[in-house]
Amino acid sequence: MALEPNFLFSKEILQIAIPEMLSQTGTSGRQFAHLLIRAHQEHHQNHFPDLERAAEEIGLKRLPLSLDEILAITKQMGLKIKWFDKTPAAALEGVGLNTQSVVTSFFEPPNLIYINKRMKTQPHRLKYNLAVHIGHAVLHDKDGMKNILVTGRNEISPLQDQSLRTQTSDMEAQDILHAWRDFECSFFAGALLCPKVPFRQMLDRNGYEISTGKLAGVSESVAMRRMTAVSPYPHWHYFDAYAPGKLKAVYRGNGIPLPWGNMREVEDPCHHWAVFRMINAPLTGTSSQISILNVGNEPRIYACESVKAHDLADNHHVLCSGIDLNPAIEAQGKDALSIANELKQVCVNNSGSAPIPKSIKKDLMSVAKILNINWVERGIENDARLICSRGAVCPRTPSCYKQCQ
């Protein structure tokens with residue numbers, strides 16, 4: 001987007017216009033803060049060396065990091081743990097929970113971490129929660145901020161959100177600060193549990209399989225998010241999606257368009273995205289897919305792996321990690337656009353999906369071997385699928401939006 005004429009995008013004008021825009025669209029300050037942070041994260045392609053170093057100084061690059069080791073670090077930080085059955089009402093003030101959410105833990109100044117007893121049967125989740133609170137102690141010196149971790153469909157809203165308390169869209173300065181600190185603590189937790197170099201080596205040994213998370217002693221979600229940060233290949237995306245169209249977490253370091261938003265449901269989503277197909281299908285295990293998507297009027301080839309998961313509130317959701325293959329194809333001296341156009345035409349001629357032709361399969365398989373990502377190879381053996389950012393721009397002939405299930 002060209003910010004022209006530039007005088008309309010001056011700091012003074014934006015400070016006037018943005019609150020008005022948020023108020024008229026019903027966007028909360030916290031939602032806007034998360035959009036800003038996601039843009040910052042994607043601009044830096046999920047590389048935050050200061051947070052990585054802070055985590056490595058605490059965890060000493062140990063992988064896997066056991067629960068006992070995490071508990072020892074918690075104690076070293078001067079933090080104490082208390083368990084609860086029912087979340088205290090004072091902790092819930094302003095959080096805006098619904099019946100599909102569960103408070104897993106919260107921090108109470110100056111040094112108490114309250115943890116839901118249900119977490120005792122979830123060691124991977126317990127380690128992550130403790131790692132987040134350790135991050136708060138390390139990065140923010142236990143500054144008294146209420147730090148609440150919630151699992152479920154509205155996990156995006158820990159901490160007291162001013163917009164929830166007042167039922168307005170006014171943006172408070174603390175909304176941005178609190179959201180940024182949430183991100184810092186979450187990234188720190190991932191870096192503590194999956195230190196960059198050891199985890200990259202583990203992924204290399206195991207072909208970037210999602211199951212590598214079990215070897216690292218972390219959840220699938222943590223493992224898949226860390227893939228995007230530790231991989232030497234920068235062109236990743238990651239979705240954590242709930243039906244019918246709620247994106248709880250998004251990362252688009254490869255610039256892939258969103259299949260839906262996380263502030264409103266899309267009326268004409270493309271049902272051929274792997275994350276959609278996994279949500280609506282009674283599948284177990286993982287699913288690999290090669291997709292062709294127009295981005296800026298140019299076709300791009302994406303590979304992804306999706307897996308179904310359950311949160312602590314027993315909600316089904318789908319985790320999806322993927323990469324843009326075009327840069328890797330170009331790096332091998334091939335014309336990525338011509339290959340993508342050829343594959344797109346094959347799919348158009350076969351009602352939107354088709355086996356990958358041998359010549360293209362050979363090029364893609366060469367890239368998969370170099371990247372050392374097993375699920376790219378598995379996706380190549382399946383039919384390639386045309387996908388689109390919205391049903392209104394469906395590339396299939398005839399358009400399939402009304403027929404998609």
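Side-chain atoms of Ile256 and Arg300, non-hydrogen and from C-beta on, never get closer than 4.5 Å to each other. Inter-residue side-chain proximity for Ile113 and Asn129 is flagged as unmet; no heavy-atom pair is nearer than 4.5 Å. Under the 4.5 Å side-chain criterion, counting only non-hydrogen atoms from C-beta, Trp180 is in contact with Ile37. When side chains are defined from C-beta on, Glu108 does not count as touching Lys82, because their heavy atoms never get closer than 4.5 Å. Here the side chains of Asn46 and Phe187 are in contact, with some heavy-atom distance below 4.5 Å. Looking at heavy atoms from C-beta onward, His133 lies out of side-chain contact with Thr74 at the 4.5 angstrom threshold. The side-chain heavy atoms of Ile210 and Ser321, taken from C-beta on, include no pair separated by under 4.5 Å.
A donor-acceptor pair is defined here as one N or O able to donate and one able to accept, closer than 3.5 Å; such a pair exists between the side chain of Tyr233 and the backbone of Ala328. Although no hydrogens or angles enter the test, the distance criterion places a donor-acceptor pair under 3.5 Å between the side chain of Thr121 and the main chain of Arg118. Checked by atom type and distance alone, the side chain of Thr151 never pairs as donor or acceptor with a backbone atom of Asp311 at under 3.5 Å. Judged by distance alone, the side chain of Thr25 and the main-chain N or O of Met21 form a donor-acceptor pair under 3.5 Å. The backbone N or O of Ser288 lies less than 3.5 Å from a partner atom in the side chain of Asn382, making a donor-acceptor pair. Within the 3.5 Å criterion, the main-chain N or O of Arg252 finds a donor-acceptor partner in the side chain of Glu42. Side-chain atoms of Arg62 come within 3.5 Å of backbone N or O of Gly59 as a donor-acceptor pair.
Heavy atoms only, all atoms of each residue included: Asn341 and Pro299 are closest at OD1-CG, 3.3 Å. Pairing each heavy atom of Ala189 with each of Tyr128, the nearest pair is CB-CE1, 3.7 Å. Considering all non-hydrogen atoms of both residues, Gln289 and Trp273 come closest at NE2-C, 4.3 Å. Between Gly253 and Gln45, the shortest heavy-atom distance links the atoms O-NE2, 3.4 Å. Between Cys185 and Gly135, the shortest heavy-atom contact is SG-C, 4.0 Å. Annotation for Pro19 and Gln15: closest pair CD-O, 3.1 Å, computed over non-hydrogen atoms.
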### Task
Please assess Arg125 against Thr104 for the test side-chain contact (heavy atoms from CB on, under 4.5 Å), listing each intermediate value before the final yes or no.
CA-CA 9 Å; Arg125 287 171 172 157; Thr104 55; over 6 Å; no

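With sequence neighbours excluded, no residue forms a side-chain hydrogen bond (donor to acceptor under 3.5 Å, both in side chains) with Glu57. Taking the salt bridge (charged side-chain N to carboxylate O under 4.0 Å, His left out) definition, one finds that Asp68 meets it with nothing, sequence neighbours left out. Applying the side-chain hydrogen bond (donor to acceptor under 3.5 Å, both in side chains) criterion to Gln345, with sequence neighbours excluded, gives Asn349. Shown here are the side chain to side chain contact (heavy atoms under 4.5 Å, CB included) partners of Lys334, two or more places apart in sequence or in another chain: Ile329, Gln332, Ile339, Asp363. Residues satisfying the side chain to side chain contact (heavy atoms under 4.5 Å, CB included) criterion with Ser221, sequence neighbours excluded, are Ser219, Arg225, Tyr238, Leu319.
Side chain to side chain, Tyr302 and Asn254 fail the donor-acceptor criterion of an N or O pair below 3.5 Å. There is a side-chain donor-acceptor pair under 3.5 Å between His317 and Asp240. For the residue pair Thr286 and Trp375, no side-chain donor N or O sits within less than 3.5 Å of a side-chain acceptor on the partner.
With values rounded to the nearest 0.5 angstrom, Ile81 atom CD1 is found 11.0 Å from Asn111 atom CG. Residue Leu371 holds its CG atom at 9.5 Å from OG of Ser366, rounded to the nearest 0.5 Å. Note: Phe107 CZ to Tyr114 OH = 11.0 Å, rounded to the nearest 0.5 Å. Note that the CD1 atom of Ile373 and the CG atom of Asn206 stand 13.0 Å from one another [nearest 0.5 Å]. With rounding to the nearest 0.5 angstrom, the CD1 atom of Ile301 is 11.5 Å from the CG atom of Leu293. Of the inter-residue distances, the one linking Ile115 atom CD1 with Lys120 atom NZ reads 9.5 Å to the nearest 0.5 angstrom.
Residues Glu52 and Arg226 are paired through a salt bridge, judged by an N-O separation under 4.0 Å between the basic side chain and the carboxylate.
Annotation for His310: atom NE2 counts as buried by contact number, over 12 foreign heavy atoms lying within 6.0 Å.
Within the structure, salt bridge (Lys or Arg N to Asp or Glu O under 4.0 Å) pairs that include any residue of residues 366-381 comprise Glu209-Arg378, Glu305-Arg378, Lys361-Glu381, Lys369-Glu377 (at least two apart or interchain).
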